[in-house]
Novice: 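First the structure, which I've put down as structure tokens, then a few questions once you've had a look.
Just so it is clear: chains get the letters A, B, ... in the order the sequence lines come, proteins before strands, and each one is counted from 1.
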Number of protein chains: 2
Amino acid sequence: MLGSHVPELRALELLVVVARTGSLSSAAAELGITQQAASSRMRTMEALVGAPLLSRTRRGSALTETGELLVQWSSRVLDAAEQLDAGLTALRQDRRGHLAVAASLTIAEYLLPGWLVALRSQQERLGQPVTEFTLTATNSERVAQMVASGEAALGFVEGPEAPEGLSHRLVGVDELVVVVGPHHPWAQRSSRRVSAATLAATPRVVREAGSGTRTVLERALRDHPPTPPVLELTSTAAVRAAVAAGAGPAALGAHAVRDDVATGRLVRISVSGLDLSRRLHAVWTGGAHPPAGPARDLVAVAVGRGR
Amino acid sequence: MLGSHVPELRALELLVVVARTGSLSSAAAELGITQQAASSRMRTMEALVGAPLLSRTRRGSALTETGELLVQWSSRVLDAAEQLDAGLTALRQDRRGHLAVAASLTIAEYLLPGWLVALRSQQERLGQPVTEFTLTATNSERVAQMVASGEAALGFVEGPEAPEGLSHRLVGVDELVVVVGPHHPWAQRSSRRVSAATLAATPRVVREAGSGTRTVLERALRDHPPTPPVLELTSTAAVRAAVAAGAGPAALGAHAVRDDVATGRLVRISVSGLDLSRRLHAVWTGGAHPPAGPARDLVAVAVGRGR
DNA sequence: GTGTGGTCACAAGGTAGCCTTGTGCCCCAT
DNA sequence: ATGGGGCACAAGGCTACCTTGTGACCACAC
């Protein structure tokens, strides 16, 4: 939970823009507010933080050391916010006149926003018009349908193989990892390792039948007798919460649990002799290469950042 | 720059808490506001986003598909905000009764907040009291002084070697990378590679003399005749901005430019035959191991995440 | 059937924060 | 000397948010 001393996004953004432009006035102009509003907002933030962030001179404002640190930390927050913005914009677009992209949930949640931001930044850099996207997030099977039927011009799917009947290109690999809550017995082992047989015999927290995540694990464990799940949930977030609370082990995408593992909310367990990697493919119809233009550019961005 | 449809941090936090608790009421209680305020804040956010985020039932609220996506994107924003919070809290602490940590700028900006969050999360998990920190961010030389004089109980420094006279432990490696703006001629080469001699002969954007970043590069290029810098700036942020604007190449910490490289604001250039890695060390006085308690725990966290 | 607890929505009222307009001052460059 | 850029202070208005109070609905227990 967030403390009460954290400024809101707009305040952080103001600070970063001031750092870039060198003055409150120009930052205010860039953000479309008056200089006085910017000045006031900045003073509010300084009171919140409890330290001066700018050293104001007659010819602009420079950052203090504290301001310098806060700018760096803010940049990371704002980068994430920019990805959120890109994703949201793609969700919201009117369906006409835009590139329609369909993506599996994992890709839409963890990778696509970054690709959209990178592509936009690249288009701006090269002076190209910025593409607007329509995003549909659904399961891999439905993504393939949408691309085949023309509902989407480009799709991103996950799974052991690319779907048949569509052109495709490998854009990355998402490894599935097994996680447990920090209090789980497996997390107390120094090795943090179990055998595939042990995992297969343990009731797990799983996504609903048909989800790509679940399919990959069941296929990898197909030589072992199946065990009924302890809990079946319809969203990745719910699975993460249940596992963190100690419900049992689960297999989730490495991207999906990266932050939780880093902060200790989840603990990663190695499983001996189990291949849980799944491939991420871009798919489209019509030719060996994606249609020229934004679709091809987006695939190129994804390939460049997928590794 | 952020669009006008991005909710503020408090609204994103509400959504994530609702996703975890399953109801608006309990989320409101956890955040210390009334149920009505939470309901209203949520409706405001739904209007902003332009789509329903919750499906409200008589026994709680579940996420819609859009809500599910937004929760994932928000989590990343909030994780970054939590690191900002941890860093800010460490900066703000009263100087008595807390663990005093001094860190070089690079470490304080890019790594330490994550360590603080991880340590706090670990302490909460194990039921230990949560340590409060005092953070001083300065250059490596001064960090070593502070630890030697007892001003700080623990320090983190960067440089080719650990300072003499202090106990130390390697906690990670930060590679220095050479970057140019996206329009720079080097960025147009398909190889994106130059020789060390070319780099040495090119006027660069540099930090002020004495900074760890500058020292590492000059030492690596010591066999080549020195070239006066095109621009000398006192902060990493200023160097990044100058390089992005096309002022010339610069060498910066890989952590510092990771986001910029990912979004295309900066382009990374390989330099043949140049070792630009620098080691990150924890330093303390008194014994072979850091003093037991939070200092030792923090070093352990840093070692665990440094690789 | 009825009470109880839990959920969410609607309405009214107050407060506080934020933004704009207007103004003054200072310094530097021309 | 003068204009322009930059920041702060003050006043006023509006908006957004939060709280209190209320109602409706549903599940479950008795």
Side-chain angles (χ1 to χ4, degrees), chain A residues 1-64 66-67 71 74 238 241, chain B residues 1-64 66-67 70-71 238 241:
Chain A
M1 176 172 159
L2 233 47
S4 59
H5 291 287
V6 179
E8 289 289 356
L9 285 177
R10 261 70 201 189
L12 299 178
E13 185 183 23
L14 172 64
L15 181 68
V16 170
V17 175
V18 169
R20 177 158 46 80
T21 62
S23 90
L24 276 168
S25 313
S26 51
E30 185 165 318
L31 295 178
I33 58 177
T34 61
Q35 165 261 316
Q36 291 89 332
S39 179
S40 151
R41 196 186 278 184
M42 184 61 71
R43 262 172 310 182
T44 302
M45 179 159 55
E46 288 179 317
L48 209 60
V49 169
L53 301 172
L54 298 181
S55 78
R56 293 135 166 103
T57 75
R58 308 294 163 177
R59 32 195 307 188
S61 297
L63 295 170
T64 62
T66 305
V71 163
S74 301
Chain B
M1 176 169 160
L2 235 45
S4 59
H5 291 287
V6 179
E8 290 288 357
L9 284 177
R10 260 71 201 186
L12 299 178
E13 185 183 23
L14 172 64
L15 181 69
V16 170
V17 175
V18 169
R20 176 157 46 79
T21 63
S23 91
L24 276 168
S25 313
S26 51
E30 186 165 320
L31 295 178
I33 58 177
T34 62
Q35 166 262 317
Q36 290 87 333
S39 179
S40 151
R41 195 185 281 182
M42 184 63 69
R43 263 174 289 143
T44 302
M45 179 160 54
E46 287 179 318
L48 209 59
V49 169
L53 301 173
L54 298 181
S55 79
R56 295 141 167 92
T57 75
R58 306 296 163 175
R59 29 194 309 186
S61 296
L63 296 170
T64 62
T66 305
L70 189 51
V71 163

Novice: Side-chain N or O of B/S39 less than 4.0 angstrom from OP1 or OP2 on C/dA9?
Specialist: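 Answer is yes, contact under 4.0 Å.
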Novice: Using atom CD of A/E46 as one end and atom P of D/dC7 as the other, report the distance to the nearest whole Å.
Specialist: 12 Å
Novice: Name all residues meeting the side chain to side chain contact (heavy atoms under 4.5 Å, CB included) criterion together with A/A37; count only those two or more places apart in sequence or in a different chain, and write none if there are none.
Specialist: A/I33, A/T34
Novice: With sequence neighbours excluded, what pairs up with A/T21 under the side chain to side chain donor-acceptor pair (under 3.5 Å) test?
Specialist: A/S26
Novice: Please list all pairs meeting salt bridge (Lys or Arg N to Asp or Glu O under 4.0 Å) that have one or both residues in residues 32-44 of chain B, counting only residues at least two apart or in different chains.
Specialist: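 For residues 32-44 of chain B: none.
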Novice: Could you go through nucleotides 28-30 of chain C and list every protein N or O atom that sits under 3.5 Å from one of its N or O atoms, giving the distance for each pair?
Specialist:
none

Novice: Donor-acceptor pair, distance only, cut-off 3.5 Å: does the side chain of A/T66 make one with the backbone of A/A51?
Specialist: no
Novice: Mind jotting down which residue pairs meet the salt bridge (Lys or Arg N to Asp or Glu O under 4.0 Å) criterion with at least one end in residues 18-36 of chain A? Sequence neighbours excluded, please.
Specialist: A/R20-A/E30
Novice: Applying side chain to side chain donor-acceptor pair (under 3.5 Å), can you list everything that pairs with B/E46, at least two apart in sequence or on another chain?
Specialist: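 With neighbours one apart ignored, the set is B/R56.
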Novice: What heavy-atom pair brings A/L15 and A/G67 nearest, and what distance separates the two atoms?
Specialist: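 Here A/L15 and A/G67 meet closest at CD2-O, 4.2 Å.
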Novice: Whole Å only: how far is the CZ atom of B/R43 from the P atom of D/dC18?
Specialist: 12 Å
Novice: Over how many whole Å does the gap from A/E8 atom CD to D/dA16 atom P extend?
Specialist: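 Distance, rounded to whole Å: 15 Å.
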Novice: Are any of A/S61's side-chain N or O atoms less than 4.0 Å away from OP1 or OP2 of D/dC7?
Specialist: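 A/S61 to D/dC7 OP1/OP2: side-chain N or O found under 4.0 Å.
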Novice: Find the bend of the helix from C/dG1-D/dC30 to C/dT30-D/dA1 as the angle between its two terminal axes (five pairs each), to the nearest 10°.
Specialist: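 So the angle between the two local helix axes works out to 20°.
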Novice: Is the shortest heavy-atom distance from the side chain of A/V71 to the side chain of A/L53 under 4.5 Å?
Specialist: no
Novice: Within the sub-3.5 Å range, which N or O atoms of nucleotides 17-24 of chain C have a protein N or O partner, and how far apart are they?
Specialist:
from, atom 1, to, atom 2, distance (Å)
C/dC19, OP1, A/R41, NE, 3.3
C/dC19, OP1, A/R41, NH2, 2.7
C/dT20, OP2, A/T34, N, 3.2
C/dT20, OP2, A/T34, OG1, 3.0
C/dG22, O6, A/Q36, NE2, 2.6

Novice: Classify A/S26 by what it touches in the nucleic acid, base, sugar-phosphate, or nothing, heavy-atom distance under 4.0 Å.
Specialist: nothing
Novice: Tell me which pairs pass side chain to side chain donor-acceptor pair (under 3.5 Å) where either residue lies in residues 3-18 of chain A, with sequence neighbours left out.
Specialist: none
Novice: Between B/T64 (side chain) and B/P52 (backbone), is there a donor-acceptor pair under 3.5 Å?
Specialist: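 A pair under 3.5 Å: yes.
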Novice: Do you know the tightest heavy-atom contact between B/S23 and B/G60?
Specialist: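 That would be CB-CA, 4.0 Å.
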Novice: Rounded off to whole Å, could you give me the CZ-to-P distance for the B/R10 and D/dC17 pair?
Specialist: 13 Å
Novice: Could you tell me the separation between the CG atom of B/L54 and the C1' atom of C/dT7, rounded to a whole number of Å?
Specialist: 13 Å
Novice: Taking all heavy atoms of B/P7 and all of A/L9, pick out the closest pair and write down the distance.
Specialist: O-CD1, 3.4 Å
Novice: Listed in order of residue number, which residues of residues 12-24 of chain B have a non-hydrogen atom at under 4.0 Å from DNA chain C?
Specialist: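 B/S23, B/L24 - these, ordered by number, are the residues of the stretch whose heavy atoms sit under 4.0 Å from the strand.
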Novice: Is it the case that the side chain of A/T44 and the backbone of A/S40 share a donor-acceptor pair, with hydrogens and angles ignored and the cut-off at 3.5 Å?
Specialist: yes
